Amino acid sequence: MLNMRIPSAPLKNNKNIQMKVAVVGSTGLVGGEMMKVLIERNFPVTELIPVASERSAGKKIEFKGKEYTVVTMQTAIDMKPDLALFSAGGSTSLEWAPKFAEAGITVVDNSSAWRMDPTKKLIVPEINADALTKDDKIIANPNCSTIQMVVALNPLHEKYKIKRVVVSTYQSVTGTGKKAVDQLMNERNGIEGEMAYKYKIDLNVIPQIDVFMDNGYTKEEMKMVKETNKIMRDDNIKVTATTIRIPVMGGHSESVNIEFENEFELADIFSVLEKSEGVIVVDDPTNQKYPMPMDAHGKDEVFVGRIRRDETQPKTLNMWIVADNLRKGAATNAVQIGEYLLKHNLIG
């Protein structure tokens, strides 16, 4: 069964909209993807302001056939963009996002810096963009593994009410960044190089993403727990997560076990997901069709398959969820937030 519903259509009729957009962290993996998504989704960028660290200032970046010079943070603020897409790490966001906001610039931040701040909105447009107002000058983009999970879970929660989620993730090295991609490719080619991880990643699996906390879970795992509750606006949903790094590129994969309060028919689960914005169902066991990272690479949708009952207890479902972590898990979600703000006149 294959559902080809397309998520959040790109903006149309935007020729008269004038938008100066800053991309903070423009020389990184996610920053580069943000600029690509801005072009693909026809976001009305009349002037791009690529922003990076002092050492990257002066570099040239091409965008829509025009060359732009990378500038520093303060220079970017002085240029007064309407929107700033941040992907430069938590410490940078904590220091600079408030300065952009004070200058009247709307910030969509991809780091973990603001996600659990009770004064900031944590947004996945398909789920809770209606919470945004013109006063929201710093908006948090959720964790990549959380985004793809909640896009698939939220429509099911609305119909069947989720009690508990058990999720194990299988996450791409691109989630760590260029250094990790280089480590994987160096190992694959027998080249000595800088290590992003403590251990070899090629032909290996590392059951740790981010640092361990006092409860024995990693920070990444606890992000999934807390962010899910905040985005889905329901603290009663119990979530337990195990996050794992694997030697792939193209996207993150998740094995998700969901217990509902209400009983369901499996055919209705398929129907709900097939009608859900941003979801593509790929589930055809007879022909061995199911979501894989290599198929999600470069796409904005969340792919769902291996949909089946958990036969060990009632009202429980198993699913396999895959998405490109640099796209819907980061860049695309941030741009979609910008699209919502524009559509509803919440910028400026």
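All values derive from a computational prediction rather than experimental measurement.
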Taking atom [atom1] of [X] and atom [atom2] of [Y], what is their separation to the nearest 0.5 Å?
| X | Y | atom1 | atom2 | answer |
| --- | --- | --- | --- | --- |
| D300 | D324 | CG | CG | 8.0 Å |
| R245 | I201 | CZ | CD1 | 7.5 Å |
| D82 | T106 | CG | OG1 | 8.0 Å |
| L156 | K161 | CG | NZ | 13.5 Å |
| E265 | S271 | CD | OG | 12.0 Å |
| D136 | L346 | CG | CG | 8.0 Å |

Heavy-atom side-chain contact between [X] and [Y] under 4.5 Å:
| X | Y | answer |
| --- | --- | --- |
| K60 | T69 | yes |
| P125 | I123 | yes |
| R41 | E339 | yes |
| I307 | V281 | yes |
| I321 | F303 | no |
| P293 | M249 | no |
| L317 | N257 | no |
| M222 | M213 | yes |

Test your reading of the model: is there a side-chain donor-acceptor pair from [X] to the backbone of [Y], 3.5 Å cut-off?
| X | Y | answer |
| --- | --- | --- |
| T240 | V166 | no |
| D284 | K289 | no |
| S276 | P155 | no |
| D109 | I139 | no |
| R115 | S111 | yes |
| D283 | R306 | yes |
| N128 | V124 | yes |
| D310 | T312 | yes |
| Q208 | T218 | no |
| D234 | N236 | yes |

Does one hydrophobic cluster hold both M73 and L83, with members joined at side-chain heavy-atom distances below 4.5 Å?
->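 As far as the 4.5 Å side-chain criterion goes, L83 and M73 are not connected within one cluster.
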
Under 4.5 Å between side-chain heavy atoms, hopping through other hydrophobics if needed: is there a path connecting I105 to V45?
-> no

Which is it for T169 and H252 under the side-chain contact (heavy atoms from CB on, under 4.5 Å) test, yes or no, and what are the steps along the way?
-> CA-CA 7 Å; T169 73; H252 293 346; over 6 Å; no

Taken in chain and number order and not counting sequence neighbours, the residues that satisfy side chain to side chain contact (heavy atoms under 4.5 Å, CB included) with A241 are V167, E221, M224

Residues in side chain to side chain contact (heavy atoms under 4.5 Å, CB included) with Y170, at least two apart?
-> S168, I244, I246, S253, S255, W320

Partner of E220 under side-chain hydrogen bond (donor to acceptor under 3.5 Å, both in side chains), picked from N143, T242, T243, is N143

Apply side-chain contact (heavy atoms from CB on, under 4.5 Å) to the pair N318 and R309, showing each step before the final yes or no.
-> CA-CA 6 Å; N318 286 308; R309 281 188 179 274; over 6 Å; no

Carefully, step by step, assess M195 and E187 under the rule side-chain contact (heavy atoms from CB on, under 4.5 Å).
-> CA-CA 10 Å; M195 301 276 284; E187 289 171 356; 4.0 Å; yes

Is any side-chain N of the basic residue among R233 and D130 closer than 4.0 Å to the acidic one's carboxylate O?
-> yes

For F86, the option from I138, V24, N141, N110 that meets side chain to side chain contact (heavy atoms under 4.5 Å, CB included) =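 The passing option is V24.
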
Is R164 positioned over the aromatic face of F260, cation under 6.0 angstrom from the ring centre and no more than 45 degrees off axis?
-> no

Any side-chain donor near an acceptor of the partner, T174 and N325, under 3.5 Å | yes

